[in-house]
Novice: 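Below is one structure. I have some questions about it.
All heavy atoms count here, side chains included; hydrogens, waters and symmetry mates do not. We number each residue from 1, following the sequence as shown. Both ligands and their constituent atoms are indexed starting at 1 by order of listing.
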Amino acid sequence: MYLCPQPTTLKLEKGMLYFPVGEMPEVKKTKPATLFEKESYRIIIDENGVLIEGADDAGLYYGELTLRQIMLNYRGCLPYLYLYDEPRYSYRGFMIDPCRHFFTVDEIKRMIDGAAYFKFNKFHFHLSDDQGFRAEIESYPLLTTVGSVRPSSNFGRGENDENPYGGYYTKKELREIVEYCKERHIEVVPEFDIPGHTTSVIAAYPELSCKGEKIEPKTCAGIFDDILCAGNDDTYKLIEAVIDELCEIFTGKYFHIGGDEAPKSRWRECEKCKKKLSDLGLHTMDELQGYMVNTFADYLKKKGKKVICWNEAIRGGNVDHDNVTVALWSEKTNKTAEWANSGNPVIAENFTPYYVDYPYGMHPLKSVYMFDPEGFKGLSSLGKASIKGVESPIWTEYVRDFDKMCYQCFPRWMAVAETGWNGAKNKNYQSFLKSAEFFCDILRGMGINPAPKKDWDVLPANRVADTVGFFKNTLTKKAIKQFLHIEE
Ligand code: ACM
Ligand code: ZN
């Protein structure tokens, strides 16, 4: 039977339940006290009909989703069966970046539909970056009137557009997305990425950078030196105001404060940043970033929120807040392993293989499917237990439209969903492939066009060529081979 993700336990029994083709059988739903794992559910089909038992509303919702998937395998009848299902991880996330390229509310909803179908329960919405600020903030209106529009787009690889490019979500639209997700038992995790990746914020409020110079939202991909000044009280005021307004809309448990790729060159030369460092008795600029994380983790805790930050944000070694979850995307130090080994929560969002904006030649479907979120180097048994889930992002520097987004994400997000629900044990790639093919047809019916099967697992001999094409002239062939761990 084709199901995705695979259920924890499925026993087919003798006998069939018949009902009119095209109709739903009558389904009884209950929430018995015997089910206690969050999001868990049971489906029992026998001579009495169909019974879905859920531990909670999410469990009942997932039970119904699974029943619908089972029904796709049969016509006018269902086999008697017993099914019990519970997720391995409480955090099963997908991320969308509408900053590099903007996506309409309807397009975002279609992606949510696709992810919800495979039982993702967290939508990480990356609302701010160098190339555009995408959420209406009433107390700082220039964030959208100025910060949401870049003068042109020069991402390369065929895009060189001299026209201004912009877009943002109004509060009404953001609320609509939150509501849409709620109906699908998905929490929206908003991200305000600080202190780096903030060119669009500085374009709106130049006085908040160390140099105070007027700049424009970026028109190309990259990591940029101008970041928010950590020694300016007004920086903290703006961040608090954005958090306040976003928390009114995004009513879930988590808030993401970014923290990736924040070069410290400006801070090192800035009198205000140096004074702040010295006043706090800190020694390194990474510690100053850690101070910002602690500050906003505290601020958000008072609002009843948990904080997520990218793994670089804890490099200073002084993030000590019990309210912080680290999103591990690219780690060259032992900091994230130490963090997890001390019992602090981590989400596995590893560049290899979960960054689905990269080509299938680089991150083939099989590598996404086989990935073990607990396989990260240096994890103790407590460290492994600290992995709270998985997340896969679609960054959009080179994803200019909805069709390209669908191609990059599906079926790879089905593979992520499998691991999010079942962990890395008991994998069977051949069986997954059959389900993936089956559900790609269903996705097409939902207006989502996944990559064709021939692209899913690029032959090893063709992986370098596929990846060279993606990087064009930006990386040497040798560097790409190292990237892919392909020996000369
Ligand atoms: C990231 O990819 N910079 C989190
Ligand atoms: Zn500064």
Novice: In a check of ring pair (Phe, Tyr, Trp, His ring centres under 6.0 Å) between His101 and each of Trp395, Phe155, Phe402, which one passes?
Specialist: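 With His101 as partner, ring pair (Phe, Tyr, Trp, His ring centres under 6.0 Å) holds for just one option, Phe155.
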
Novice: Does Lys275 have more than 12 heavy atoms from other residues, nucleotides or ligands lying within 6.0 Å of its NZ?
Specialist: no

Novice: State plainly whether the residues Glu271 and Lys274 are in salt-bridge range, i.e. N to O under 4.0 Å.
Specialist: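 Looking at Glu271 and Lys274, the cut-off is met.
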
Novice: To 10°, measure the SG(Cys270)-the Zn ion (ligand 2)-SG(Cys210) angle for me.
Specialist: 110°

Novice: Is Asp130 salt-bridged to Arg150, cutoff N-O under 4.0 Å?
Specialist: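 No, Asp130 and Arg150 are not salt-bridged.
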
Novice: Could you tell me the angle subtended at the Zn ion (ligand 2) by SG of Cys273 and SG of Cys229, rounded to 10°?
Specialist: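 Approximately 100° at the metal, rounded to tens of degrees.
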
Novice: Between Glu269 and Lys211, is there a side-chain N and carboxylate O pair less than 4.0 Å apart?
Specialist: no

Novice: Could you tell me, atom by atom, which parts of ligand 1 come under 4.0 Å of a heavy atom of Trp395?
Specialist: 1 (C), 2 (O), 4 (C)

Novice: Number the atoms of ligand 1 from 1 as they appear, then name those within less than 4.0 Å of a heavy atom of Trp310, with their elements.
Specialist: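 That gives atoms 4 (C) of ligand 1.
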
Novice: Identify which one of Phe123, Tyr117, Phe125 satisfies the ring pair (Phe, Tyr, Trp, His ring centres under 6.0 Å) criterion when paired with Phe94.
Specialist: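 It is Phe123, the one option of Phe123, Tyr117, Phe125 that forms the ring pair (Phe, Tyr, Trp, His ring centres under 6.0 Å) with Phe94.
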
Novice: Just to confirm my output: which protein heavy-atom neighbour is closest to atom 2 (O) of ligand 1, and how far is it?
Specialist: Tyr355 OH, 2.6 Å

Novice: Before signing off on this row, confirm whether Asp260 and ligand 1 have an N or O atom pair separated by under 3.5 Å.
Specialist: yes

Novice: Only heavy atoms of Glu261, strictly under 4.0 Å: list the atoms of ligand 1 that pass.
Specialist: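 Close to Glu261: 3 (N).
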
Novice: Ignoring angles and geometry beyond distance, decide whether His197 reaches within less than 3.5 Å of ligand 1 through its nitrogen or oxygen atoms.
Specialist: no

Novice: Is the shortest N/O to N/O distance between Trp329 and ligand 1 below 3.5 Å?
Specialist: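 No, since none of the N or O atoms of Trp329 sits under 3.5 Å from an N or O of ligand 1.
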
Novice: Check this for me: does any side-chain nitrogen of one of Lys218 and Asp129 sit under 4.0 Å from a carboxylate oxygen of the other?
Specialist: no

